[in-house]
Amino acid sequence: MSSTIELRNVPERIAITMDGNGRWAELRGRPRLAGHRAGSHTVRRIVRACRRLGVRELTLYAFSEQNWGRPHGEVEGLMALLEEYLLQERDEILQNGVRLRGIGSLDRLPAHVRGALEAVTEASQDHQGMTLTLALSYGGREEIVQAARTLAARCAEGSLAPEAVDERALEALLPSMQCGAPDLMIRTGGELRISNFMLWGSAYSELFFSDILWPDFQVEHLYLAIAAFQRRQRRFGLVPPQQTTAPCPTLLSGS
Ligand code: IPE
Ligand code: IPE
Ligand code: MG
């Protein structure tokens, strides 16, 4: 399969479920945390690659609301790695004009992680380059419930008419939709499921599932996903548009 991509048709918004760290470690007879650490190196190269490609929004599913149910040691190790990642990447994020933000139940994060996240978020808030969103303690259902609760409260206090509750009103309360719906959603690790990620925004996202475990995911694999995206025809429930433009010459090859 070709991983040659057209630079003019790179998806603006990419969201990735970074799955497979645990299996990567188990395959090597190592503790799961070794897989998470290896996965953090993949985060670095994929963030860099997306920035080079001109992706506007990159959202990474790093820790789900449900992941709190994992063994204490794994959760603690993941939190330590998160803090380490934020401290180590701070300079690169700031020097490259990247804007960092977190979505999810951030108040559930330990103070040391929240502090590191807030520091980089604040320092990068005016940056105009790519926005890197980390989904931490994130759940798509939880996010929708929270928005529904806010709308219900506004209706109850009389500041909002029930008829005014529409898609726009709900969407405006979803942090995951602040930067728009993903064009391309990638999941590594071979599982064919959404696992509570961006349930609202994924309505018309193009999905790409890769068998590659996240620590093994290379820039070439990202190019494969983008190349697949570029071969898709997005219809949004409508009939196919007529082809009006000539194919663009290929500009970048992943192999
Ligand atoms: C994804 O890798 C990272 C997190 C969920 C935090 P996993 O830890 O789920 O790895 P597998 O799916 O068990 O291999
Ligand atoms: C999804 O992966 C969450 C993240 C990658 C952060 P999981 O490993 O938690 O999902 P399931 O359990 O396979 O559905
Ligand atoms: Mg998993």
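Just so you know, ligand 1 is whichever comes first in the structure, and atom 1 is the first atom listed for that ligand.
- Between Val55 and Arg13, the closest side-chain pair of non-hydrogen atoms is not below 4.5 Å.
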Go through it in stages, so that I can follow the logic: the residues are Leu207 and Leu184, the test is side-chain contact (heavy atoms from CB on, under 4.5 Å), and I'd like the CA-CA distance, side-chain angles, deciding distance and then a yes or no. CA-CA 6 Å; Leu207 307 179; Leu184 171 63; over 6 Å; no
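- For the Mg ion (ligand 3), the N/O/S atoms of Glu191 include none lying under 2.8 Å.
- Put simply, no part of Glu26 is less than 4.0 Å from ligand 1, judged by heavy atoms.
- Here the N, O or S atom of Asp19 that is nearest to the Mg ion (ligand 3) is OD1.
- At a 3.5 angstrom cut-off on N or O pairs, Arg70 counts as close to ligand 2.
- Geometrically, ligand 2 and Ser64 share no nitrogen or oxygen pair separated by less than 3.5 Å.
- Remark: minimum distance from atom 14 (O) of ligand 2 to any protein heavy atom is reached at Ser195 OG, 2.6 Å.
- Using a non-hydrogen distance threshold of 4.0 Å, Ala62 registers as a contact of ligand 1.
- Nearest protein heavy-atom contact of atom 3 (C) of ligand 2 is Tyr61 CE2, 3.7 Å.
- Of the heavy atoms in Phe63, only backbone atoms (N, CA, C, O) come closer than 4.0 Å to ligand 2.
- A salt bridge does not link Glu65 to Arg141: none of the charged nitrogens lies less than 4.0 Å from a carboxylate oxygen.
- If you number the atoms of ligand 2 from 1 as listed, the ones under 4.0 Å from a heavy atom of Thr17 come out as 1 (C), 5 (C).
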Under the side-chain contact (heavy atoms from CB on, under 4.5 Å) criterion, do Ile16 and Trp214 qualify, and how do the steps go? CA-CA 10 Å; Ile16 307 180; Trp214 178 247; 3.8 Å; yes
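- The shortest contact between atom 7 (P) of ligand 1 and any protein heavy atom is with Asp19 OD1, 3.5 Å.
- Near His36, the atoms of ligand 1 lying under 4.0 angstrom from a non-hydrogen atom of the residue are 3 (C), 8 (O).
- Here the shortest heavy-atom pairing between Arg154 and Leu173 reads NH2-CD2, 3.8 Å.
- If you number the atoms of ligand 1 from 1 as listed, the ones under 4.0 Å from a heavy atom of Met18 come out as 1 (C), 2 (O), 3 (C).
- Arg28 forms a cation-pi arrangement with Trp24, by the criterion of a distance under 6.0 Å to the ring centre and an angle within 45° of the ring axis.
- When hydrophobic clusters are built by joining Ile, Leu, Val, Met, Phe, Trp and Tyr residues whose side-chain heavy atoms come closer than 4.5 Å, directly or via intermediates, Leu60 is grouped together with Phe229.
- A heavy-atom separation below 4.0 Å is not found between Glu191 and ligand 1.
- Taking the six-membered ring where the residue is Trp, Phe236 and Tyr204 present tilted rings, their angle falling between 30° and 60°.
- Closest to atom 13 (O) of ligand 2 among all protein heavy atoms lies Arg193 NH2, 2.8 Å.
- By the 4.0 Å N-to-carboxylate-O rule, Arg234 lies close enough to Asp183 to be salt-bridged with it.
- Contact annotation for Arg187 and ligand 2: only side-chain heavy atoms (C-beta onward) come within less than 4.0 Å of the ligand.
- Within ligand 1, counting atoms from 1 as listed, the ones closer than 4.0 Å to a heavy atom of Arg23 are 11 (P), 12 (O), 14 (O).
- Under the 4.0 Å distance rule, the nearest protein heavy atom to atom 9 (O) of ligand 2 falls inside the cut-off.
- At least one side-chain heavy atom of Phe63 sits under 4.5 Å from a side-chain heavy atom of Val75.
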Hey, mind stepping through Glu143 and Met198 against side-chain contact (heavy atoms from CB on, under 4.5 Å) and telling me if it holds? CA-CA 9 Å; Glu143 186 187 38; Met198 299 184 89; over 6 Å; no
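- Of the charged side-chain nitrogens involved, none lies within less than 4.0 Å of a carboxylate oxygen, so that Arg114 and Glu83 do not count as a salt-bridged pair.
- For ligand 1, the atoms lying closer than 4.0 Å to a non-hydrogen atom of Asn67 are 5 (C), 6 (C).
- There is a side-chain donor-acceptor pair under 3.5 Å between Arg235 and Gln233.
- For ligand 1, the polar-atom distance check finds an N/O of Gly22 within less than 3.5 Å of one of the ligand's N/O atoms.
- Look at Gly20 and you'll find a heavy atom under 4.0 Å from some atom of ligand 1.
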